[in-house]
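All remarks here apply to the structure that follows.
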Amino acid sequence: MTEEGCVFLKDIKEMGFSTKAVHAGQNPCPVTGALSTPIYQTSTFVFENVKQGADRFAGKEDGYIYTRLGNPTQKALEDKMAILEGGEAALALSSGMAAVSAVIIALTKNGDHIVADKALYGCTFSFMSEIMTKYGVEVTFIDTSEISQIEKAIRDNTKIIYFESPANPTMKLVDMKQVADLARSRGIITVIDNTFMSPYFQRPIEYGIDVVLHSATKYISGHGDVIAGIVISKKDIIEIIRTIAKDLGGVISPFNAWLLLRGLKTLAVRMDRHNENALTIAEFLASHDKVKNVFYPGLPSHPQYGLAKKQMNGFGGMISFELKGGYEAGKKLMDRVKLCHLAVSLGDVDTLIQHPASMTHAIVPVDERLKAGITDGLVRLSVGIEDVDDIVEDLEEALR
Ligand code: LCS
């Protein structure tokens, strides 16, 4: 058995993505032969004697102590995700926001500065602008898709460049290699929220990004039944974040870690279907006479279509669009769909539709929201894995 899991003819890291998604980090139980990784539903772990307990606390002996500090089901998930993202290590947490906050708190201190994109998930924006600033960390929100804006915003005390690509909900992309090269030359850590793509479609570490995080609530789970987050990076960076995260306390439960292990096994097949369906729906919307704009990186009309093809292996399942009738028309559409659920979250097997300005991004002050391109009329669609004709029919009926 290897540290990462199963024993094969060749290293699991050299195998294909789907094989890694099924096998990495997981082994049949050596005692019972159980194929599915057990849910170690325990808060604490018994020591054989005082010396063993002391050695584990002192880090002289590997082994478990207490589930807030680590748990075997959580470890299997972390090992699988580290391999899927091409990182050295991972840390699983109780939510995407637990991952965002642990990363930012661990990698900055009072007096530091962050350069962040202005288009971010609403709670990430408010965490940075409301909470971090309270503790003396300044944040400059800019358009990180323009390298000149990043160069201008960087200061001597800049510690992190933070962005989502594609951004929630504008679908704007950031050139990961360009940003990573600039940041590295200035000793700044790059952090990407890779939630919209999952490691199947985008692996930022291959482009030089230092820290990748996910709201694992979304595609990693895939089934709309878990809230969770995960961070992937080099071992030393993960250890810094882990040390802080254990005191912050946003630990993932063993059951949720297990649900994510289960979800990940089908990540590749789910993502292919999300991608295929979304492309069909984006084309349908783009050709509809009631639709003004469609933002989907898989459409040649997307301003960064070339970049999408360069740094992504697929375009994902997320689409934003505006109707010619603006907010009122969007509201009617969202109230009339029947198969698509009017709900926030994304990345589920079910198709979800929502209104960013009044829902996921309602927390962002109006002027900041508009500056980020999140208009009142923008509608966001998370395309599920249903039969695409049925989703199109539902949208067509509602638009009519
Ligand atoms: N990052 C992104 C890109 C997100 O979309 C979300 C949640 C988070 C982080 C936070 O993750 P959580 O703590 O919820 O697991 N996004 C949501 C959305 O767009 N609709 O509902 C939640």
Side-chain angles (χ1 to χ4, degrees), residues 77 81 85 91-105 116-132 144 162-174 191-199 201-202 204 209 211-232 245 248-253 256-257 259-260 263 274 295 297 316-320 334 340-348 350-364 369 372-374 378-384:
L77 169 65
M81 275 303 294
E85 280 286 4
L91 172 65
L93 291 159
S94 59
S95 69
M97 285 315 301
V100 171
S101 54
V103 166
I104 302 293
I105 290 170
D117 199 281
K118 56 189 176 183
L120 294 174
Y121 168 59
C123 295
T124 303
F125 179 86
S126 78
F127 172 73
M128 292 205 202
S129 59
E130 302 293 326
I131 301 180
M132 290 314 292
T144 58
Y162 187 103
F163 58 94
E164 298 170 1
S165 185
N168 183 0
T170 60
M171 302 307 293
K172 190 193 66 183
L173 310 183
V174 177
V191 181
I192 186 174
D193 182 331
N194 199 26
T195 299
F196 271 34
M197 283 292 101
S198 90
F201 282 143
Q202 179 165 277
I209 298 294
V211 179
V212 179
L213 64 85
H214 291 266
S215 166
T217 311
K218 315 292 160 42
Y219 290 106
I220 306 298
S221 152
H223 294 75
D225 48 17
V226 186
I227 297 284
I230 193 139
V231 187
I232 305 96
L248 291 174
V251 62
I252 192 168
S253 72
N256 281 354
L259 283 171
L260 296 182
H274 284 296
F295 306 99
M318 299 301 298
I319 302 172
S320 290
M334 288 181 276
C340 305
H341 300 293
L342 176 58
V344 297
S345 202
L346 59 104
D348 293 357
D350 296 50
T351 296
L352 308 176
I353 194 165
Q354 69 108 9
H355 180 232
S358 67
M359 297 174 189
T360 49
H361 294 71
I363 200 166
V364 182
R369 175 167 65 69
I374 308 164
L378 198 70
V379 175
R380 194 189 74 185
L381 191 65
S382 169
V383 179

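Whatever order the structure lists them in is the order used to number ligands and atoms, beginning at 1.
No side-chain heavy atom of F196 sits under 4.5 Å from any side-chain heavy atom of Q202. At least one side-chain heavy atom of P169 sits under 4.5 Å from a side-chain heavy atom of H361.
To the nearest 0.5 Å, atom CG of residue L381 and atom CZ of residue F295 are 14.0 Å apart. Within the model, atoms OG of S101 and CG of L213 stand 10.0 Å from one another, a figure rounded to the nearest 0.5 Å. For the atom pair C340 SG and I353 CD1, the distance stands at 5.5 Å (nearest 0.5 Å). How far CZ of F163 is from OG1 of T124: 13.5 Å, rounded to the nearest 0.5 Å.
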Which N/O atoms of ligand 1 sit under 3.5 Å from a protein N/O, and at what distances?
from	atom 1	to	atom 2	distance (Å)
ligand 1	1 (N)	D193	OD2	2.5
ligand 1	5 (O)	N168	ND2	2.9
ligand 1	11 (O)	S215	OG	3.0
ligand 1	13 (O)	G96	N	3.0
ligand 1	13 (O)	M97	N	2.8
ligand 1	15 (O)	G96	N	2.9
ligand 1	15 (O)	S215	OG	2.8
ligand 1	15 (O)	T217	OG1	2.6
ligand 1	16 (N)	K218	NZ	2.8
ligand 1	19 (O)	N168	ND2	3.1
ligand 1	19 (O)	R380	NH1	2.7
ligand 1	19 (O)	R380	NH2	3.2
ligand 1	20 (N)	S345	N	2.9
ligand 1	21 (O)	S345	N	2.9

